[in-house]
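First up is the structure itself, then whatever we jot down about it.
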Protein chains: 2
Amino acid sequence: MASDDFPVPDMSDVALVDVLRAVGDPIRLSIVRVLADGRPHPKCSEEWGFGVHKSTMTHHFRTLRKAGLTQTTVTGRTHTVELRRAELDARFPGLIDAITSG
Amino acid sequence: MASDDFPVPDMSDVALVDVLRAVGDPIRLSIVRVLADGRPHPKCSEEWGFGVHKSTMTHHFRTLRKAGLTQTTVTGRTHTVELRRAELDARFPGLIDAITSG
DNA sequence: GGGATTGTTGGATGATCGTCCAACGGTAGG
DNA sequence: CCTACCGTTGGACGATCATCCAACAATCCC
């Protein structure tokens, strides 16, 4: 399973309403707020202390990626996820700030 | 049916994730963008040119109100809806701007 | 009062969503 | 090779959601 198996939409194709729907879930919003530090995070990180099943996390990470919020990099058997910060800031100015502040 | 029949949550009780979920729908996002002009708008306004049933609009207006985004004023047989702009800006700085710009 | 306007309520329906589980597939390390 | 680890896939299930429809309620105007 390579990084190519996690395609990302063109940011110009990303609709605001889809971004909002993606972050309109407690777990996904928490993920985005952690990712807002700008660094890549492993999917298995202990930071995600939600009490949900592995496959549920897979579902949430996929939802965020397909909504244009994140991108996944595969290195060996670990996956790291990262916020598409610069692109998001260019497309939706102030949105990520507003969502992740506080 | 008076204005008291449309209770509004305390802004301090409003969670960001609920606001985001409320606005994560095409129709409700459009409503909020129209309301962003700061003026009250009648619920029956022609501005809402979505091809949906009356009761569907009732559902969306209720969803927005319960999420803390709007407030309703009843005058006679017409209802006007209004964005709780100042309160929202104080609670979630930059959010409404980010959502309604562009 | 009678009819038209404005909007809500309740129920029904089909779709989507969040979650879990079992099974599978690479990858790394002994 | 064999095992442990990391993560995905597919299916299943209950809950929520957006929508429509019919019926109702309140208000305004003639």
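To find a chain, count down the sequence lines: A is the first, B the second, and so on, and within it residues start at 1.
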Please tabulate, one pair per line, each protein N/O and nucleotide N/O from nucleotides 13-15 of chain C that are separated by under 3.5 Å, including the distance.
none

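Among residues at least two apart or in separate chains, salt bridge (Lys or Arg N to Asp or Glu O under 4.0 Å) pairs with a member in residues 31-43 of chain B are B/Asp37-B/Arg39. Sorted by first and then second residue, the salt bridge (Lys or Arg N to Asp or Glu O under 4.0 Å) pairs with a member in residues 90-101 of chain B read B/Arg85-B/Asp97; sequence neighbours excluded.
Taking the ring-ring contact (aromatic ring centres under 6.0 Å, His included) definition, one finds that B/Phe6 meets it with B/His79, sequence neighbours left out. For B/His41, there are no ring-ring contact (aromatic ring centres under 6.0 Å, His included) partners, not counting sequence neighbours. Taking the salt bridge (Lys or Arg N to Asp or Glu O under 4.0 Å) definition, one finds that A/Arg28 meets it with nothing, sequence neighbours left out. Qualifying side-chain hydrogen bond (donor to acceptor under 3.5 Å, both in side chains) partners for B/Arg84, counting only residues two or more places apart in sequence or in other chains: B/Glu87. Contacts of B/Thr56 classified as side-chain hydrogen bond (donor to acceptor under 3.5 Å, both in side chains), with partners at least two apart in sequence or in another chain: none.
Counting heavy atoms from C-beta outward, B/Val14 and B/Val19 have side chains that approach closer than 4.5 Å. With contacts defined as side-chain heavy-atom distances shorter than 4.5 Å, the pair A/Leu88/A/Leu83 qualifies. Residues B/Val17 and A/Pro26 have side chains in contact (heavy-atom distance under 4.5 Å, counting atoms from C-beta outward).
A/Phe6 places its CZ atom 11 Å from the C1' atom of D/dT9, with the value rounded to the nearest Å. Per the geometry, CH2 belonging to B/Trp48 stands 15 Å off P belonging to C/dT6, to the nearest Å. One interatomic measurement links the two molecules: CE of B/Met57 to P of C/dT9, which rounds to 15 Å at whole-angstrom precision. In this structure, the NE2 atom of B/His79 is 5 Å from the P atom of C/dT8, given to the nearest Å. Note: NZ (A/Lys66) to P (C/dT16) measures 13 Å, nearest angstrom.
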- [ ] Mark up nucleotides 10-27 of chain D, 5' to 3', with B wherever a protein heavy atom is under 4.0 angstrom from a base atom, S wherever such an atom reaches only the sugar-phosphate, and - elsewhere.
- [x] --------SBBB----SB
TODO: Could you walk me through whether A/Ile99 and A/Val23 pass side-chain contact (heavy atoms from CB on, under 4.5 Å), step by step?
DONE: CA-CA 9 Å; A/Ile99 285 176; A/Val23 292; 4.0 Å; yes
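Contact annotation: A/Thr58 side-chain N/O to D/dT8 OP1/OP2 distance is under 4.0 Å.
Panel note: side chain B/Asp5, backbone B/Ala2; a donor-acceptor pair is recorded below 3.5 Å.
Over its length, the helix from C/dG1-D/dC30 to C/dG30-D/dC1 turns its helix axis by 20°, as judged from the five terminal pairs at each end, rounded to 10°.
Taking a 4.0 Å limit (strictly below) on heavy-atom distances, residues 29-43 of chain B does not reach DNA chain D anywhere.
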What side-chain donor-acceptor pairs closer than 3.5 Å can you find for residues 62-73 of chain B, not counting sequence neighbours?
from	atom 1	to	atom 2	distance (Å)
B/Thr63	OG1	B/His59	O	2.8
B/Arg65	NH1	B/Pro7	O	2.8
B/Thr70	OG1	B/Arg65	N	3.3

